[in-house]
K.L.:
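I have a structure here, written as structure tokens, and I will follow up with some questions on it.
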Amino acid sequence: NPENASPIKFGSEDEPTWGGIGIRQQTTKEIDAGLWWKSLMATVSEKNVTDIIFSPESKDAYIRVNTKLELYQRIGKENYERIIRFQIPEGRTDLDNEGEMDFALTCFTRRMRANIFKSLKGLSAAFRPLPNKSIPWRDNGLTPAMMQIIDTTKQGLILVTGPTGSGKSMAYGTLVRKHNGHIVPVE
């Protein structure tokens, strides 16, 4: 909401660039969490954002675009936790009871995976936007070795590991589509 914000220019002496360009808004008053997420989803689609990360230390929201982390918005301590909690499904108490939670959600027609957890510095969160359309199982970008395993495996255990963004979910999704959902995931 422009009435409640003041611009911050990237690259100034007191602000690192984080690979961002242009002007972002620093919010100092309470903002509408629903409108905030709606605006973020427009950015996700426009810039092909792969991750949304909330930093408890700075109380800021970051986005990952083309493997580079950019500051999306300075949220401030007044809005930080409320904006994260806005996405928690009603009735879920994992975060308060166990200190973390994983779930899938749809935010303004955009499907996402979410991980929210309590850390020493406060509440942390990572959201991973998922493709809006289903990718045919053969056109998924997996390596030929992975595709051979998926093609030839009829039963047994397949262990998929790797760093963030390496295609673990894509491999899992491909397995489910190829084998008509006869997959039991264990995390």
Side-chain angles (χ1 to χ4, degrees), residues 1-2 4-28 31-88 95 99-132 135 140-143 160-173 187:
N1 186 348
N4 300 336
S6 60
I8 292 181
K9 293 184 180 179
F10 281 90
S12 64
E13 289 178 22
D14 58 334
E15 183 66 37
T17 61
W18 293 99
I21 322 170
I23 297 176
R24 296 283 185 244
Q25 301 293 318
Q26 178 175 356
T27 304
T28 56
I31 60 174
D32 181 299
L35 291 176
W36 189 90
W37 278 100
K38 187 174 185 178
S39 174
L40 176 59
M41 290 303 100
T43 300
V44 164
S45 295
E46 177 187 313
K47 295 181 107 179
N48 198 26
V49 171
T50 58
D51 295 284
I52 303 159
I53 300 165
F54 291 86
S55 168
E57 193 166 355
S58 63
K59 305 292 189 243
D60 296 335
Y62 295 90
I63 56 176
R64 188 181 318 275
V65 180
N66 298 324
T67 72
K68 294 197 184 335
L69 201 59
E70 298 179 10
L71 175 64
Y72 174 71
Q73 186 176 38
R74 292 186 162 288
I75 300 171
K77 62 184 177 186
E78 304 86 9
N79 296 299
Y80 180 79
E81 192 165 319
R82 191 169 44 77
I83 284 175
I84 294 172
R85 287 184 178 272
F86 181 82
Q87 293 299 349
I88 296 176
L95 183 62
E100 69 173 330
M101 66 185 309
D102 294 299
F103 58 96
L105 69 137
T106 301
C107 180
F108 298 99
T109 72
R110 190 61 186 243
R111 296 177 316 126
M112 291 193 290
R113 285 188 2 224
N115 173 256
I116 302 174
F117 59 97
K118 292 180 180 177
S119 69
L120 292 175
K121 304 245 184 211
L123 200 60
S124 296
F127 293 84
R128 162 103 10 117
L130 302 172
N132 276 335
I135 300 170
N140 57 27
L142 295 175
T143 66
V160 181
T161 65
T164 301
S166 64
K168 297 180 298 292
S169 295
M170 181 64 72
Y172 171 71
E187 263 188 64

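Note that this is a predicted model, so its numbers are computed, not measured. FYI, the numbering just counts along the sequence from 1.
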K.L.:
For Glu70, is there any backbone N or O sitting under 3.5 Å from a side-chain donor or acceptor partner on Arg64?
P.N.:
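Pair absent, no side-chain N/O of Arg64 close to backbone of Glu70.
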K.L.:
CZ of Arg74 to OG of Ser58: how many Å apart, nearest 0.5 Å?
P.N.:
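Going from the CZ atom of Arg74 to the OG atom of Ser58 covers 7.0 Å.
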K.L.:
Rounded to the nearest 0.5 Å, what separates atom NZ in Lys77 from atom NZ in Lys59?
P.N.:
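Answer rounded to 0.5 Å: 9.0 Å.
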K.L.:
In terms of ring plane angle, is the pair Phe127 and Phe103 parallel, tilted or perpendicular, where the classes change at 30° and 60°?
P.N.:
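Ring orientation, 0 to 90° scale: perpendicular.
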K.L.:
List in chain and number order the residues that pass side-chain contact (heavy atoms from CB on, under 4.5 Å) with Lys38, two or more places apart in sequence or in another chain; answer none if no residue qualifies.
P.N.:
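With sequence neighbours excluded, Lys38 shows a side-chain contact (heavy atoms from CB on, under 4.5 Å) to Phe108, given in chain and number order.
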K.L.:
Do Met112 and Ile52 have side-chain heavy atoms sitting under 4.5 Å apart?
P.N.:
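In short, these two side chains touch, coming nearer than 4.5 Å.
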K.L.:
Starting at CG of Asp51, measure out to CD1 of Ile63 and round the result to the nearest 0.5 Å.
P.N.:
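So the gap between those two atoms works out to 10.5 Å.
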K.L.:
Mind checking side-chain contact (heavy atoms from CB on, under 4.5 Å) for Ala33 and listing every partner two or more places apart, or none if nothing turns up?
P.N.:
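Once residues adjacent in sequence are excluded, the partners of Ala33 under the side-chain contact (heavy atoms from CB on, under 4.5 Å) criterion are Arg82, Ile83, Phe86.
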K.L.:
Going by side-chain contact (heavy atoms from CB on, under 4.5 Å), name the residues that satisfy it together with Ser39, two or more places apart in sequence or in a different chain.
P.N.:
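Per chain and number, Ser39 pairs via side-chain contact (heavy atoms from CB on, under 4.5 Å) with Tyr72.
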K.L.:
Could you grab the distance from atom CD1 of Ile88 to atom CG of Leu105, nearest 0.5 Å is fine?
P.N.:
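Reported to 0.5 Å precision, the distance equals 10.5 Å.
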K.L.:
Restricting to side-chain hydrogen bond (donor to acceptor under 3.5 Å, both in side chains), what partner residues turn up for Glu81, sequence neighbours left out?
P.N.:
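In terms of side-chain hydrogen bond (donor to acceptor under 3.5 Å, both in side chains), with neighbours along the sequence ignored, Glu81 is linked to Arg85.
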K.L.:
Identify the heavy atoms of Ala125 and Ile84 that sit nearest to each other, and give their distance.
P.N.:
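Shortest heavy-atom separation between Ala125 and Ile84 comes out as CB-CG2, 3.9 Å.
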K.L.:
Going by side-chain contact (heavy atoms from CB on, under 4.5 Å), name the residues that satisfy it together with Asn115, two or more places apart in sequence or in a different chain.
P.N.:
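So Asn115 forms a side-chain contact (heavy atoms from CB on, under 4.5 Å) with Glu100, Asp102, Phe117.
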K.L.:
To the nearest 0.5 Å, how far apart are CG in Leu130 and OG1 in Thr106?
P.N.:
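Going from CG on Leu130 over to OG1 on Thr106, the span is 9.0 Å.
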K.L.:
How far apart are the closest heavy atoms of Ile75 and Asp60, and which atoms are they?
P.N.:
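Answer, listing the atom of Ile75 first, then Asp60: N-OD1, 3.8 Å.
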K.L.:
Supply the atom-to-atom distance Ile31 CD1 to Asn79 CG, rounded to the nearest 0.5 angstrom.
P.N.:
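That separation rounds to 4.5 Å.
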K.L.:
Show the nearest heavy-atom pair for residues Pro56 and Gly122, with the distance to one decimal.
P.N.:
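Heavy-atom minimum between the residues: CB-C, 3.8 Å.
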K.L.:
Run the ring pair (Phe, Tyr, Trp, His ring centres under 6.0 Å) test against Tyr80 and tell me which residues pass, sequence neighbours left out.
P.N.:
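Testing Tyr80 for ring pair (Phe, Tyr, Trp, His ring centres under 6.0 Å), a comparison that skips the adjacent residues, returns none.
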